[in-house]
Amino acid sequence: MKFSERLYEKVQPIWKKNHEHPFVQGMGNGSLDKEKFRYYMIQDYLYLIDYSKLFAIGTVKANDLKTMGKFAELLDSTLNTEMSLHRQYAKKFDISEEELENAEPAAMTLSYSHYMLHVGQNEGLAELVAALLPCMWSYAEIGKELSKIPGAAEHEFYGDWISMYADDEFQELAKWTIDLLDDLTEGKPEHELARIEDIFLNTTRFEFMFWDMAYNQEMWPADE
Ligand SMILES: Cc1ncc(CO)c(N)n1
């Protein structure tokens, strides 16, 4: 069994909860409160600023030009394709790009992105990829699932979001990253694989919490 298959099986109970989450369901059937989506977009933008840096660190840690080139592509695609979706939504909400970039991160945004950056900066390339993969992989799955709902990808408001993550380009980048993790983990001893699995599980858990945070528009509970 490929290592990615082992990871996939491990996190299915959480992915099922992601798909059933009212935020995700609400994008799929168009009923999601726009204020919740507005909050999500801002926090996700901040998240992606840090997330992009993981691809840059990946370029530094990679040992061959092909992998370096792919990380450069992922960095470009995040900053200039994925985040332009956020900038377009921000326009609809009358939020300026500056406001978006300088918004205050919520506790969960900071915890999730900084956990990934910590792993990325202090551990090996396989660990870095394990940290960033649940983000790409779970969004690729959610995008694909939601795009199967009749009319969802054409929805006047949430359609652009669904189309972006269901798009072949995003699906292929996720697939490349999955294959990279399989290559990087090949022949590793079980104690290292177990550690990598833990990292993957942790960021998978953070993905679920991010949906929940967005649905509840939670910032810092201590301030409320
Ligand atoms: C929180 C989160 N996870 C995954 C993605 C997909 O890149 C995203 N934009 N945001």
Side-chain angles (χ1 to χ4, degrees), residues 7-8 11 14-15 17-19 21-24 26-28 32 36-58 70-71 73-90 100-101 103 105-117 119-120 128-147 158 160-178 180-181 199-219:
L7 296 178
Y8 186 84
V11 300
I14 301 177
W15 279 15
K17 285 170 75 175
N18 284 344
H19 288 275
H21 198 283
F23 194 100
V24 174
M27 284 193 293
L32 180 67
K36 293 186 194 295
F37 190 75
R38 180 187 194 277
Y39 168 92
Y40 162 78
M41 267 295 147
I42 297 171
Q43 290 302 316
D44 202 50
Y45 198 72
L46 299 174
Y47 168 88
L48 287 174
I49 295 172
D50 280 343
Y51 188 68
S52 302
K53 296 188 186 203
L54 282 160
F55 297 129
I57 301 170
K70 270 289 183 189
F71 276 119
E73 198 185 314
L74 283 160
L75 176 60
D76 175 59
S77 148
T78 307
L79 290 175
N80 300 316
T81 306
E82 185 173 357
M83 289 168 83
S84 78
L85 175 85
H86 295 60
R87 290 187 282 267
Q88 279 164 26
Y89 274 113
L100 196 56
E101 200 171 328
M108 181 51 53
T109 309
L110 211 53
S111 311
Y112 182 9
S113 62
H114 285 210
Y115 172 76
M116 283 191 301
L117 283 171
V119 171
L128 176 144
V129 176
L132 62 80
L133 184 55
C135 167
M136 294 176 70
W137 197 353
S138 72
Y139 270 49
E141 293 276 313
I142 288 169
K144 206 162 53 182
E145 282 305 308
L146 295 185
S147 71
Y158 297 115
D160 288 344
W161 190 95
I162 295 168
S163 303
M164 153 92 229
Y165 294 105
D167 189 74
D168 284 348
E169 185 189 327
F170 193 83
Q171 297 288 326
E172 278 159 25
L173 286 173
K175 176 77 173 70
W176 177 83
T177 313
I178 294 164
L180 176 66
L181 187 61
I199 295 168
F200 187 87
L201 178 61
N202 284 341
T203 52
T204 299
R205 289 165 164 156
F206 274 130
E207 277 297 319
F208 175 79
M209 291 170 84
F210 205 89
W211 292 123
D212 226 37
M213 163 198 84
Y215 195 74
N216 297 312
Q217 294 173 261
E218 192 177 284
M219 283 300 289

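Side-chain atoms are counted along with the backbone in the values below, which use heavy atoms only and exclude waters and symmetry mates. Position 1 is the first residue of the sequence; numbering continues from there. Just so it is clear, the structure is predicted and the values come from calculations on it, not from any experiment. Ligands are counted one by one from 1 in listed order, and the atoms in each one are counted from 1 as well.
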**Student:** If the threshold is 4.0 Å, N to carboxylate O, is there a salt bridge linking E172 and K175?
**Tutor:**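 Looking at E172 and K175, the cut-off is not met.
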**Student:** Is the closest heavy atom of Y165 to ligand 1 under 4.0 Å?
**Tutor:** yes
**Student:** Is there a nitrogen or oxygen of E82 sitting under 3.5 Å from a nitrogen or oxygen of ligand 1?
**Tutor:**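 The answer is yes, given that E82 and ligand 1 share an N or O pair closer than 3.5 Å.
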**Student:** Students should be able to answer this: which protein heavy-atom is nearest to atom 5 (C) of ligand 1, and at what distance?
**Tutor:** C135 SG, 2.9 Å
**Student:** Parallel, tilted or perpendicular: which fits the ring planes of Y8 and W15, with parallel below 30° and perpendicular above 60°?
**Tutor:** perpendicular
**Student:** Show the atoms of ligand 1 that are less than 4.0 angstrom away from any heavy atom in L48.
**Tutor:** 9 (N)
**Student:** Could you list which atoms of ligand 1 come closer than 4.0 Å to a heavy atom of F210?
**Tutor:** 1 (C)
**Student:** Going by distance only, is there an N or O of Y139 that falls short of 3.5 Å from an N or O of ligand 1?
**Tutor:**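 For ligand 1, there is an N or O atom that lies under 3.5 Å from one belonging to Y139.
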**Student:** Give me the one residue out of F210, Y51, F206, Y47 that meets ring-ring contact (aromatic ring centres under 6.0 Å, His included) with Y115.
**Tutor:** F206
**Student:** So is there a nitrogen or oxygen of E207 less than 3.5 Å from a nitrogen or oxygen in ligand 1?
**Tutor:**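 The answer is yes, given that E207 and ligand 1 share an N or O pair closer than 3.5 Å.
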**Student:** Once you measure the plane-to-plane angle for W211 and Y40, does it fall in the parallel (<30°), tilted (30-60°) or perpendicular (>60°) bin?
**Tutor:** parallel
**Student:** So do D50 and M116 actually touch side chain to side chain, heavy atoms under 4.5 Å?
**Tutor:**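 M116 vs D50: side chains apart.
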**Student:** Determine, step by step, whether Y45 and R87 satisfy the side chain to side chain donor-acceptor pair (under 3.5 Å) criterion, reporting the C-alpha distance in whole Å, the side-chain angles of both residues, the deciding distance to 0.1 Å, and the verdict.
**Tutor:** CA-CA 9 Å; Y45 198 72; R87 290 187 282 267; 2.8 Å; yes
**Student:** I want to know if ligand 1 touches D44 in the polar sense, i.e. an N/O pair below 3.5 angstrom.
**Tutor:**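 Yes, D44 has an N/O under 3.5 Å of an N/O on ligand 1.
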